[in-house]
Amino acid sequence: MESTMTLNMPASSARNAAVATQQMPLTFLRAGEEARVVKVRGKGDVHHHLENLGFVPGAALRVVSEHGGNLIIEVKGSQIALDRSAASKVITG
């Protein structure tokens with residue numbers, strides 16, 4: 001019985017790790033939540049602009065507030081306002 005419990009524990013831990021690193025658009029986060037940028041979707045000017053603002057893979061961010069789908073995000077020591085369209089291009093995990 002003890003070996004059964006030992007075998008189940010890593011699977012449980014693996015599930016918890018998978019949930020903790022689930023990827024989702026920035027628009028799914030709520031005020032006070034923190035995440036890391038996994039990637040920035042899209043091409044062209046918006047993609048380039050978001051990367052220039054600090055939304056690069058691995059960057060830590062925190063949602064400061066949200067109003068009507070628009071977000072204020074803290075990334076790399078700066079607070080940045082994003083509309084829902086731009087925020088949906090940032091994938092977090």
Participant: What is the distance from atom CD of Q79 to atom CD1 of I72, rounded to the nearest 0.5 Å?
Facilitator: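 Reported value, rounded in 0.5 Å steps: 6.5 Å.
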Participant: L26 and side-chain contact (heavy atoms from CB on, under 4.5 Å): which single residue from V40, L50, V90, V37 fits?
Facilitator: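 Answer after filtering V40, L50, V90, V37: V90.
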Participant: Rounded to the nearest 0.5 Å, how far does NE2 of H47 lie from CZ of F55?
Facilitator: 13.0 Å
Participant: Which residue pairs pass the salt bridge (Lys or Arg N to Asp or Glu O under 4.0 Å) test with at least one member in residues 33-61, sequence neighbours excluded?
Facilitator: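 Listed once each, the pairs would be none.
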Participant: Using 0.5 Å steps for rounding, measure from the CD1 atom of I80 to the CD1 atom of I73.
Facilitator: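 Result: 8.5 Å between the selected atoms.
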Participant: Determine, using the 4.5 Å side-chain heavy-atom cutoff (strictly less than), whether V46 and L53 are members of one ILVMFWY cluster.
Facilitator: yes
Participant: Could you list all the side-chain hydrogen bond (donor to acceptor under 3.5 Å, both in side chains) pairs where at least one residue sits in residues 64-73, not counting sequence neighbours?
Facilitator: R30-E66
Participant: Test of understanding: clusters of I, L, V, M, F, W, Y form through side-chain heavy atoms closer than 4.5 Å, transitively. Do M24 and V38 belong to the same one?
Facilitator: no
Participant: Just verifying a value: how many Å separate T92 OG1 and L29 CG, rounded to the nearest 0.5 Å?
Facilitator: 4.5 Å
Participant: Can you measure from OG (S88) to CG (D83) and round to the nearest 0.5 angstrom?
Facilitator: 8.0 Å
Participant: Looking at every heavy atom in both V75 and G54, which two are closest together, and how far apart are they?
Facilitator: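 Nearest pair, atom of V75 first, then G54: CG2-O, 3.6 Å.
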Participant: Considering all heavy atoms of both residues, which atom of V64 and which atom of A31 are nearest to each other, and what is their separation?
Facilitator: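 Result for this residue pair: O-CB, 4.0 Å.
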Participant: Please report the closest heavy-atom contact between P25 and I91, naming both atoms and the distance.
Facilitator: CA-CD1, 4.1 Å
Participant: Using the salt bridge (Lys or Arg N to Asp or Glu O under 4.0 Å) criterion, which residues pair with R62? Sequence neighbours excluded.
Facilitator: E74
